[in-house]
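The structure follows.
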Amino acid sequence: QLRMHTKESIATIFHLPVDINQLNHWSFNIMEYNDPITFTILLIFDAHDLISHYRIDLEVLKNLAHALAEGYTKFRAPYHNDYHGADVLQTTHCFLTKSNLLHVFTQLEITALLFAAIIHDFEHPGLNNNYLVRTKSDLALIYNDFSVLENHHSSSIFKLLRDKNLNIWLNMNSDEYRIFRSLVISLVLATDMANHASLIDRMSTYFFFKETNSTTTTPDSKTLLQIILHAADISNAAKPWSIYIQSAEKITEEFFLQGDLEKVYYDDNKPTFDRESTDVVQLQIGFISHIVYPTFDVLSKVLQIDSLDHSSKLTTTKTISTFPWQYDLQLNLETWRQVSKDNDVQQILINKKPLKLNLENLQTYVEKA
Ligand code: 8BR
Ligand code: ZN
Ligand code: ZN
């Protein structure tokens, strides 16, 4: 009976709490809604025409959304759960709406990017690769210590897709599916933070030579897609402060839960994330300045690309463009710097277990910044 309603919007048919226009905004706060995977996947896949193009059965899509939510919440990780998966999809979609890339990439590439975004941390246990390797976990042994989590996220999703009640890509032909699968795997594997530096280096070198007019090569679309997904993955620190601080709190608690286990299970008992001594403020300042800033610098250039044609060289529409995250990143970094000058707040931040940042208190620092 769903077919008869195709003229109605997906939001109406499924009584979704938001519509697609809300998902186009940088300041959309996914934390305010229940069941984030269902509405993001339905609305965003529909907006990019994937549902009609691949003749996706809406019941199967809903089943998949449900299975994704189950896998994402299985380990009750404070940060790496269904909200993070849905957030990365919504943020990726947001990037695409602020660029010309929808004309640069093929439909299949956009499909792989959006799918990789929603599945990229499936069944995340809330422990990082380093922990899984050091404790000789089953997962580390299966994947020989190499991008252990990322291999698992991708592998377990393709296992799910063997079930025809979950396989939304049933109508892709075998050539398309082969390219799609290979792209999704390489996108998810590229979210391993161990690849951050080489990914940024590759693109920075490229843009440097482009600006000096001395390059004849163009970046491949796979690298561009990897940058977009990587940026969406770490975008929490580039969101408005009130949204970012909720994510920062959750990931810090996840780090500390791992730290608690490290004290028990590490041979030398030397935790990487000790809740007693970790300086949360310096951790965030380091994360923003060393990881997020360089990534978003490159991303801003990537989003201005409007052709990958080898003969015409790479062209960009505008040389300078302001994106909302440029402002938010600067403000967030400055806010932490204000916080770091205040010893009282530092004490509160370090000694509260589990960490609870006082949002109202911190607001005064936003104003100072
Ligand atoms: P995943 O989300 O795919 O695990 O990769 C991103 C990694 O970046 C996280 O595991 C975490 O180590 C780091 N990270 C993120 Br995301 N947000 C952070 C934050 N606000 N502060 C510190 N590290 C963060
Ligand atoms: Zn991950
Ligand atoms: Zn992630």
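Only a predicted model underlies this, so the values are computations on that prediction, with no experimental measurement involved. Start at 1 and go down the list; that is how both ligands and their atoms are numbered.
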Single hit among Phe323, Phe95, Tyr244, Tyr327 for ring pair (Phe, Tyr, Trp, His ring centres under 6.0 Å) with Trp26: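 Among Phe323, Phe95, Tyr244, Tyr327, the one that satisfies the ring pair (Phe, Tyr, Trp, His ring centres under 6.0 Å) with Trp26 is Phe95.
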
If hydrogens are left out, which of Ile251, Ile285, Val280, Ile288 has an atom nearest to atom 11 (C) of ligand 1, that is, the closest non-hydrogen atom?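 That would be Ile251.
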
Near Tyr79, which atoms of ligand 1 are under 4.0 Å from a heavy atom of that residue?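 What qualifies from ligand 1 is 16 (Br).
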
Step through it carefully: locate the ring centre of His120, locate the ring centre of His84, and say whether they are under 6.0 Å apart.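 Under 6.0 Å, so yes.
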
Among all protein heavy atoms, pick out the one at the shortest distance from atom 8 (O) of ligand 1; state its residue, atom name and that distance to 0.1 Å.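 Going by distance alone, atom 8 (O) of ligand 1 is nearest to Phe287 CE1, 3.8 Å.
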
Is the contact between Ile291 and ligand 1 made by the side chain, the backbone, both, or neither, using heavy atoms and a 4.0 Å cut-off?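 Under 4.0 Å from ligand 1, Ile291 contributes no heavy atoms.
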
From the Zn ion (ligand 3) out to just under 2.8 Å, does an N/O/S atom of His84 turn up?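 Yes, within the cut-off.
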
What's the NE2-the Zn ion (ligand 3)-OD2 angle here (His120, Asp121), rounded to 10 degrees?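 For NE2 of His120 and OD2 of Asp121, the angle centred on the Zn ion (ligand 3) reads 90°.
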
Under-4.0 Å heavy-atom contact with ligand 1, by part of Asn236 that carries it: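 Side chain only.
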
Looking only at atom types and distance, does a side-chain atom of Gln304 sit under 3.5 Å from a main-chain N or O of Ser300, one as donor and one as acceptor?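 Looks like yes, one N/O pair under 3.5 Å.
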
Per-atom contacts of ligand 1 with His84, taking only distances under 4.0 Å to non-hydrogen atoms: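 Numbered from 1, ligand 1 contributes 2 (O).
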
Whether Gln258 side chain and Asn128 backbone form a donor-acceptor pair below 3.5 Å: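 Confirmed, Gln258 side chain pairs with Asn128 backbone.
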
Is a salt bridge present between Asp268 and Arg134, judged by a nitrogen-to-oxygen distance below 4.0 Å?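 Here Asp268 pairs with Arg134 in a salt bridge, since their nearest N and O are under 4.0 Å apart.
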
Give the atom numbers and elements of ligand 1 that come within less than 4.0 Å of a heavy atom of Asp121.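 So the answer, numbered in order with elements, is 1 (P), 2 (O), 3 (O).
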
Relative to each other, are the rings of Phe115 and Phe45 parallel, tilted or perpendicular (30° and 60° limits)?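 Rings of Phe115 and Phe45: tilted, 30 to 60°.
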
Measuring to the Zn ion (ligand 2), does Asp233 have an N/O/S atom at a distance below 2.8 Å?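 False for Asp233.
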
Parallel, tilted or perpendicular for Phe180 and Phe158, by the 30°/60° rule?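 It falls in the perpendicular class, over 60°.
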
When you measure from atom 21 (N) of ligand 1 to every protein heavy atom, which one gives the shortest distance, and what is it?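 Nearest neighbour among protein heavy atoms for atom 21 (N) of ligand 1, to 0.1 Å: Gln284 NE2, 2.8 Å.
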
Considering only NZ, NE, NH1 and NH2 on the basic side and carboxylate oxygens on the acidic side, decide whether Lys270 and Glu262 come within less than 4.0 Å.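 So Lys270 does not pair with Glu262 through a salt bridge.
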
Keeping the roles fixed (side chain from Gln246, backbone from Ile243), state whether a donor-acceptor pair exists under 3.5 Å.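 Pair absent, no side-chain N/O of Gln246 close to backbone of Ile243.
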
What is the nearest protein non-hydrogen atom to atom 12 (O) of ligand 1, stated with its residue, atom name and distance?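 Of the protein heavy atoms, Phe255 CZ, 3.5 Å lies nearest.
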
Counting only heavy atoms closer than 4.0 Å, does ligand 1 sit against the backbone of Asp233, its side chain, both, or neither?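 The part of Asp233 near ligand 1 is both the backbone and the side chain.
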
Candidate with minimal heavy-atom separation from atom 10 (O) of ligand 1, of His80, Met193, His120: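 Of the listed residues, His80 has the closest heavy atom.
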
